[in-house]
Amino acid sequence: MLEKILKKTIHNQLESLSGWDEQKVKKFQQNLLSWYYDQRRRLPWREKPSLYGTVVSEFMLQQTRVSTVLPYFERWMKEFPDFKVLAGADESDVLKLWEGLGYYSRARNLHKLAKQIVELESIPQTRAEWLEFPGVGPYASAAISSIAFEEPEAVVDGNVVRIFARLFKDQREYKGTAEATKKMATLTQSFLNLDNPGDHNQALMELGATVCLPKKPLCLICPVSECCLARLSEPEAYPTIKRRVKRQVIVSRVFSLSNRKLLLYRHPEDAPRLAGLYELPKLESLVIRGRPRLLFSRARAISNEKIKEMIYNTDIADNDLPSGHSWVNVCNIDEVPMSGPHRAWVMELISKQD
DNA sequence: AAGTCGGGGAT
DNA sequence: ATCCCAGACTT
């Protein structure tokens with residue numbers, strides 16, 4: 001049975017799978033799990049596991065490192081301790097707590113999910129059911145159903161792709177992480193430990209995050225290095241995933257402070273980016289008075305753009321502001337959700353003016 | 001299938 | 001400066 005799956009999955013695309021029988025897979029699972037129980041990090045969502053904590057952590061951890069998530073998770077669980085409290089919260093408060101974490105649709109989707117959950121008679125358990133919730137995709141549905149309900153669903157995230165690509169010296173060139181994830185799904189499912197699906201999944205991700213690193217993997221302390229083909233050659237060479245080039249973008253923005261009020265722009269609720277969040281307004285969208293004075297310029301990257309942002313100081317013709325623009329009292333600036341870097345710049349500039 | 005969404009830590 | 005992170009959604 002397993003052999004059949006392996007043969008079909010690997011075919012001739014990965015290096016030899018000879019030797020992989022049911023016994024070897026079992027051994028792999030045991031080595032991995034023993035290592036996990038012995039060496040895993042103590043993370044807050046693992047201490048007193050709950051469905052809610054699992055869901056929140058899985059949302060926050062999408063494309064985001066554990067170390068980045070930690071302070072956000074603690075604050076979140078304190079402010080929104082369960083689905084019910086979260087469901088009853090104002091969206092602006094939800095966004096405020098997510099401020100700086102990025103991918104803000106995650107916060108909105110998590111909020112929606114909570115509202116849906118509290119209306120249900122019973123909590124869904126299967127992967128297919130979780131897949132229906134907003135913001136829950138192939139990865140998160142497998143993670144939640146396996147970790148919270150021990151459903152036999154294998155997760156495939158960046159860590160898992162890297163581990164399996166190295167185990168079998170996967171020579172395929174993937175066009176992106178999406179393709180790699182999809183093509184790896186059958187193989188990872190055949191390696192799933194059916195006795196402990198949740199811990200098996202977490203163990204793989206823990207291994208990828210702490211041992212099977214993208215650069216300089218720690219093969220010497222890896223619990224499954226005997227099974228790993230790349231370990232004998234160049235582990236860093238796997239997997240091979242094509243990355244797209246970032247395009248250069250230049251944006252000019254306005255810092256205008258008048259009578260202890262700062263002009264800000266709030267992205268519309270249905271905006272594709274930063275929906276509901278405040279930023280410094282763009283220079284081009286305003287009618288200004290006099291010549292703008294360059295305060296500073298900063299470079300950052302979001303998604304597939306390299307952005308150079310130029311911040312100007314100028315006076316604004318404030319009798320007829322474009323929609324979305326408003327003067328925010330600096331006393332209340334802490335209350336509004338704002339994109340992370342802009343928050344830092346604004347605080348820096350305000351303190352400099354005093 | 002390809003493009004888009006944030007931000008930061010590590011190298 | 002580049003990579004990549006417990007991915008999902010829209011086009």
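First the proteins, then the strands, lettered A, B, ... as listed; each starts at 1.
- A:Ala178 comes within contact range of no nucleotide atom at all, as no heavy-atom separation falls under 4.0 Å.
- We find that CZ of A:Arg65 is positioned 10 Å from P of C:dG7, with the value rounded to whole Å.
- Here B:dA1 presents its P atom at 14 Å from OH of A:Tyr174, a figure rounded to the nearest Å.
- Counting any heavy atom pair closer than 4.0 Å across all strands shown, A:Arg247 reaches sugar-phosphate atoms only and no base atom.
- Distances shorter than 4.0 Å separate none of the side-chain N or O atoms of A:Arg40 from OP1 or OP2 on C:dA6.
- The interatomic distance linking A:Met205 (CE) with C:dC5 (P) rounds to 13 Å, in whole Å.
- At the phosphate of B:dT4, neither OP1 nor OP2 sits under 4.0 Å from any side-chain N or O atom of A:Ser303.
- Note: CG (A:Leu101) to C1' (C:dA8) measures 15 Å, nearest angstrom.
- Nucleic acid contact for A:Lys246: none, since no nucleic acid atom lies under 4.0 Å from a heavy atom of the residue.
- Shortest non-hydrogen contact noted between A:Leu280 and A:Arg253 is O-NH1, 2.8 Å.
- Residue A:Gln63 has no polar side-chain atom (N or O) positioned under 4.0 Å from OP1 or OP2 of C:dC5.
- Here C:dC5 is the nucleotide among B:dT11, C:dC5, C:dA8 with the atom lying nearest to any side-chain atom of A:Arg162.
- You'll find the side chain of A:Tyr278 stays beyond 4.5 Å of the side chain of A:Arg343, heavy atoms only.
- The gap from the P atom of B:dG8 to that of C:dA8 amounts to 22 Å, rounded to the nearest Å.
- Counting any heavy atom pair closer than 4.0 Å across all strands shown, A:Arg46 reaches a base atom.
- Taking the side chain of A:Tyr103 as heavy atoms from C-beta on, and the options B:dC5, C:dA6, C:dA8, the nearest nucleotide is B:dC5.
- For A:Asn304 and B:dT4, the shortest distance from a side-chain N or O to OP1 or OP2 is below 4.0 Å.
- Each of A:Leu213 and A:Lys175 was assigned the nucleotide of DNA chain B with the nearest heavy atom; the assignment lying further toward the 5' end belongs to A:Lys175.
- Of the candidates C:dG7, B:dG9, B:dT4, B:dG9 carries the atom nearest the A:Thr68 side chain, counting heavy atoms from C-beta on.
- A:Val136 comes within contact range of the sugar-phosphate backbone alone, with a heavy-atom separation under 4.0 Å but no base atom that close.
- Looking only at side-chain heavy atoms (C-beta outward), A:Val287 and A:Ile316 stay at 4.5 Å or farther from each other.
- Nearest approach of A:Pro138 to A:Arg127, heavy atoms of both residues: O-NH2, 2.7 Å.
- Taking the six-membered ring for Trp and thresholds of 30 and 60 degrees, A:Phe191 and A:Phe164 have ring planes more than 60 degrees apart, a perpendicular arrangement.
- Donor-acceptor pairing under 3.5 Å, judged by distance alone, is absent between the side chain of A:Tyr139 and the base of C:dG7.
- Nearest to the side chain of A:Gln202, among B:dT4, B:dA1, C:dA6, sits C:dA6.
- In this structure, A:Lys242 places its NZ atom 15 Å from C1' of B:dA1, rounding to the nearest Å.
- More than 12 heavy atoms of other residues, nucleotides or ligands sit less than 6.0 Å from atom CZ of A:Arg41.
- Rounding to whole angstrom units, CG of residue A:Leu97 and P of B:dG6 are separated by 18 Å.
- Taking side-chain N and O atoms only, A:Arg106 has no distance below 4.0 Å to OP1 or OP2 of C:dG7.
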key: Intermediate values then yes/no, ring-ring contact (aromatic ring centres under 6.0 Å, His included), A:Phe133 and A:Trp130   = CA-CA 6 Å; A:Phe133 289 110; A:Trp130 277 93; 4.9 Å; yes

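- Taking atom CH2 of residue A:Trp130 and atom C1' of nucleotide C:dG7, one finds them 17 Å apart after rounding to whole Å.
- When each of A:Ala140 and A:Lys306 is assigned the nucleotide of DNA chain C with its nearest heavy atom, A:Lys306 is the one assigned upstream, toward the 5' end.
- Taking for each of A:Pro239 and A:Ser105 the nucleotide of DNA chain C with the nearest heavy atom, the 5'-most of the two is the partner of A:Pro239.
- When the side-chain nitrogen and oxygen atoms of A:Tyr104 are compared with OP1 and OP2 of B:dG7, one or more of them lie within a distance under 4.0 Å.
- Distances from the side chain of A:Thr177 to the nucleotides B:dG9, C:dG7, C:dA6 place C:dG7 closest.
- A:Thr181 comes within 4.0 angstrom of no nucleic acid atom, judged by non-hydrogen atoms across all strands.
- Within the 4.0 angstrom heavy-atom criterion, no nucleotide atom of any strand lies near A:Gly176.
- Here A:Arg244 lies in heavy-atom contact (under 4.0 Å) with a base.
- As rounded to the nearest Å, C:dA6 and B:dT4 have P atoms that lie 24 Å from one another.
- One interatomic measurement links the two molecules: CH2 of A:Trp98 to P of B:dG6, which rounds to 12 Å at whole-angstrom precision.
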